[in-house]
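These notes concern the structure reproduced below.
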Amino acid sequence: MIVARVAISASARASSTWKPHADQPLKGRDVVTAGMFDRALIDWTLGRADLMGKTLKSNPDALLGVLRGKVLANTFMEPSTRTSSSFQTAMMRLGGSVLNLDDQTSSAKKGETLHDTFKVLDSYADVHVLRHPKEGSAKEAAAAADKPLINAGDGGGEHPTQALLDMFCITSELGRLDNLNVVLVGDLLYGRTVHSLAQLLAHTKGLKLTLASPKALRMPREVIEGLGKAGVNCVERTDLPSDVVAAADVVYQTRVQRERFPSQEAYDAVANDFLLNRASFAKLKKTSRILHPLPRVNELATDIDSMPQAAYFKQPWYGLVLRMTLLAGVLGRA
Ligand code: NCD
């Protein structure tokens, strides 16, 4: 008994000290696209996130000084539960404060441009987070703002912080990033999380990537070309047979992005093509993981929730820790 107590307190002590790293490769930078991350920066970020997560568990008070006195302008012009809440919580757990804006209460409603909004927010905040329905909006806002800006989803474009948290979840749950068999499923056309995730996965070694989607929702050609240039072994298909599931280390399901379709008919034509349930995963290895950025609608049945491989309710915790790391990182304190 005594031996066990000593072991616990020693490991708590070891992980309770948070000191910013000597290198700060994210300091002062915008995080607009997953394309800015090479393998070294992915590894650095996930390494710092690992320590951040251990510290958050063992001694959360040790983190309250990291961003004390700093203010985040958290601007969400599209609905969000996880991303907005986790950025707010991340800032609070680092001792900083949050200014929340949305499309109803900000002057966007009066027709103010992104450029002007971010020029103004620059006077109030030390760091910006933006979610916006228009692809390219994060780049536009980042060009206007002097303070670092983090893209929390720009239309059907990218969602780099979701992709980083997915990588953090994968490496934490599977113990590695290399030599993985990954299957991305569902709406690969409008799903911004998979556009960013594919770019990060392209930096791993020995990757086998399957892209399973309805024909009308195939991964954009530029993402496929990027994967090709990186030498990724990538197969596109329009079904998800059990042998593909059996070989997978990660199955990443996505929601069909109803809000981005040109018409209800176009949505209805593909909405129910990839509905997964417990039976779909009958051959999944015990060590594999099922991920989903959430929210889910009907594409992932609730009978999967109790499977040991289901990791989608763990992703939000990885998201909190990863976003703490990014906020500290762009402010030079990760
Ligand atoms: C995703 C998004 O907003 O792109 N949600 C999230 O941030 N976790 C996925 C989705 O909306 O389907």
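Throughout, numbering of the chain's residues begins at 1 and tracks the sequence. This one's a predicted model, so the numbers in the text were calculated from it and none came from an experiment. Every heavy atom of this structure was used, including side-chain atoms; hydrogens, water molecules and symmetry mates were not. Each ligand, and each atom within it, is numbered from 1 in the order the structure gives.
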Identify the protein heavy atom lying closest to [atom], giving its residue, its atom name and the separation to 0.1 Å.
atom                    : value
atom 5 (N) of ligand 1  : Leu294 O, 3.0 Å
atom 4 (O) of ligand 1  : Arg192 NE, 2.8 Å
atom 11 (O) of ligand 1 : Arg255 NH2, 2.8 Å

Practice task
Starting from the C-alpha separation in whole Å, work towards a yes-or-no answer on side-chain contact (heavy atoms from CB on, under 4.5 Å) for Gln309 and Thr287.
Solution key: CA-CA 7 Å; Gln309 300 99 324; Thr287 51; over 6 Å; no
Handout entry: Nitrogen or oxygen of Thr193 less than 3.5 angstrom from that of ligand 1
Key = no
Problem - Under 3.5 Å: N/O of Thr83 near N/O of ligand 1 - result: yes
Exercise for the section: Using distance alone, with no hydrogens and no angle criterion, decide if Tyr318 and Glu173 have a side-chain donor and acceptor under 3.5 Å apart. Expected result: yes
Handout entry: Side-chain donor-acceptor pair present, Glu112, Thr117, cut-off under 3.5 Å
Key = yes
Practice task
With heavy atoms only and a cut-off of under 4.0 Å, state how Glu78 meets ligand 1: side chain, backbone, both or neither.
Solution key: neither
Practice task
With rounding to the nearest 0.5 Å, note down the distance linking CG in Leu46 to CG in Leu177.
Solution key: 6.0 Å
Exercise for the section: Kindly compute the distance separating CZ (Arg131) from CG (Asp154), expressed to the nearest 0.5 Å. Expected result: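 It is 10.0 Å, given to the nearest 0.5 Å.
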Exercise for the section: Mark the output for Pro295 as yes if a heavy-atom distance to ligand 1 is under 4.0 Å, and as no if none is. Expected result: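 For ligand 1, residue contact (heavy atoms, under 4.0 Å) with Pro295 is present.
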Handout entry: Test of ring centre spacing under 6.0 Å for His292 and Tyr252
Key = no
